[in-house]
2 protein chains.
Amino acid sequence: MNKKNELSMVEETPVEGDTETRRSADSSERAYNTIRKLLVEFKLKPEERINEVHLAKTLGVSRTPIREALNRLASEGFVSLTPNRGFFVRSLSTEGLIDLYELRSIIECAAFRLLCERAEDDQIDRLRAYWSSIVDGYREQPADMILAEDEGFHLMIAELSGNPELVNQLAAINARIRFIRRIQIEHRTHDMSQVDAHSAIVAAAIRRDSEGGVELLRQHIELTVSATQQALKDALLRVYSPGEPNERRHRRRAS
Amino acid sequence: MNKKNELSMVEETPVEGDTETRRSADSSERAYNTIRKLLVEFKLKPEERINEVHLAKTLGVSRTPIREALNRLASEGFVSLTPNRGFFVRSLSTEGLIDLYELRSIIECAAFRLLCERAEDDQIDRLRAYWSSIVDGYREQPADMILAEDEGFHLMIAELSGNPELVNQLAAINARIRFIRRIQIEHRTHDMSQVDAHSAIVAAAIRRDSEGGVELLRQHIELTVSATQQALKDALLRVYSPGEPNERRHRRRAS
DNA sequence: CGTCAAGAAAGTGTCGACACTATTGCGTTC
DNA sequence: GAACGCAATAGTGTCGACACTTTCTTGACG
């Protein structure tokens, strides 16, 4: 069997240098983070069946924490579970992504409205301060940094809505679209417009211009979507790169 | 042997009558459903620590499926996980509930707008047909039935938005507030208004009156919230009722 | 009497093993 | 040589066991 697979490039050290049977801190949590990263980076490919034993060996743990992680990832929509057949990587169509962005837009716009209604002045000022603290040199950051700061900005809006459920939802959505956002950011197609948009949104928040801010947000996100669609095509192309056979597709008997 | 504690009133038969070592169909799934029901019905009380071994014995399975179920329930917000200390039943404050309803309102209103924009005429007609098929005798149904039909109605709106993510979100939210909705429905405080509201919403959908329908929905849900707050108080009262001793859960040998 | 420490008990986190199910591969039949 | 079993293989679902951590108990000390 070939398959000294491409997964081994994971930076997680399989086993710590400790001869005794000392268990590592929290296998389940580490497994969760690692697998999620694999999914996010397309190391595990859409539609692919996930082999638990294989993964367990790669991460140097037993199947138990792997399964716990996969269960969590399943309820978060990263993978799906078919009884007696195992976990499969969620398929990622363009549609699916658009749906997610639409959901994100809904959540964020609603959050902004609530922010305008409810947030204290000093909270809004914290938003302003946060953004102005990172706006300088925003473009020059590495992609991961930009991504984190952008997510932070939008999450802060959700927080200022005063509804923690909105924060949770947005965080979950972010996690699911992060991989493609990173790709998109690396393209750097519309950097400045993003910076401007954030500033404009802050301004709208300060004057508590609910409808104006919502419109800005909507456009901001919509702009991202169209840029993202192109990025997605590139990504998919890269994933299913012609070099790889990648064809042991699972067919259950077609009736 | 069996301690016959209060959990055993769960209808789940611990072990199937099969002499051979045949495993039951899907322990994990059954555990998930059972535990969720326990949570929904306050058999497991807010803030309470969940004892895995105990639960495992009660359901007649090992801890593995229990833990898988709990992990799922954790990502769905039913329970929380503290490392090395285990799972705890999510505390349920009135605020938390209001936040959830607010989220629900956001999702549903957005779904209705999308429905007005995108749904085909025959889809909307299916909504109308579904509602008119159950509107007769709606009041006379048992609470569980009403609940299911009401959820079905609202889910259908989400489906007609064309965005499956909205359906997922709404379904998840429904699961989390179901327990209190049932209690509220048993109170039967505003039956007719609910029936009327649904009919009015259908009418708005038919004439694709986006804003009108949204307003109806918002009011409909808001009405539910206020009715629910009272129901919640009753429920909490019942849970922590002084009448029931109910305190030998994990009180091992009182000295 | 309160408080603190050490030991006991209870409980979680992970493991390796094994039963059961799905899939693959091979030989047989038409 | 395609379709159909049927055995071999691979992989998931669940279990009981045990190491490690937290919580409770007990008893010495102030």
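Computed over heavy atoms, backbone and side chain alike; hydrogens, waters and symmetry mates excluded. Order of the sequence lines sets the chain letters (A, B, ...), proteins ahead of strands, with each chain counted from 1.
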Under the criterion side-chain hydrogen bond (donor to acceptor under 3.5 Å, both in side chains), which of A:Lys37, A:Glu76, A:Glu68 is the partner of A:Tyr32?
A:Glu76

Nucleotide C:dG11, atom P - distance to CD of B:Glu48 in whole Å:
12 Å

Expressed as a whole number of angstroms, how long is the span from B:Leu70:CG to C:dG11:P?
15 Å

For D:dT14, does OP1 or OP2 lie under 4.0 Å from any side-chain N or O of B:Ser62?
no

Protein-nucleotide distance (A:Arg49, atom CZ; D:dA10, atom P), rounded to Å:
13 Å

Tell me: NZ of A:Lys57 to C1' of C:dC15, nearest whole Å?
15 Å

In chain order, what residues pass the side-chain contact (heavy atoms from CB on, under 4.5 Å) check against B:Leu155, with sequence neighbours excluded?
B:Val167, B:Leu170, B:Ala171, B:Asn174

Without decimals, in angstroms, what is the distance between A:Ile66 CD1 and D:dT14 P?
18 Å

Just how far, in rounded Å, is P of D:dT21 from CD of B:Glu52?
17 Å

Rounded to whole Å, the CD-P distance (A:Glu29 to C:dT12) equals 18 Å

Please list, chain by chain and in numerical order, all residues satisfying ring-ring contact (aromatic ring centres under 6.0 Å, His included) with A:Phe153, sequence neighbours excluded.
A:Trp131, A:His198

Assert: residue with more 5' nearest nucleotide on DNA chain D, out of B:Arg63 and A:Asn51, is A:Asn51

Categorize A:Ile50 for me: base, sugar-phosphate, or nothing, with a 4.0 angstrom heavy-atom threshold over every strand shown.
sugar-phosphate

On DNA chain C, nearest-nucleotide positions of A:Pro83 versus B:Arg67: which is more 5'?
B:Arg67

Looking at B:Glu165 and A:Arg176, does any basic side-chain N land under 4.0 Å from a carboxylate oxygen?
yes

Rounded to whole Å, the CD-P distance (A:Glu68 to D:dT12) equals 16 Å

Report the residue (B:Thr64 or B:Val53) whose heavy-atom-nearest nucleotide on DNA chain C is the more 5′ of the two.
B:Val53

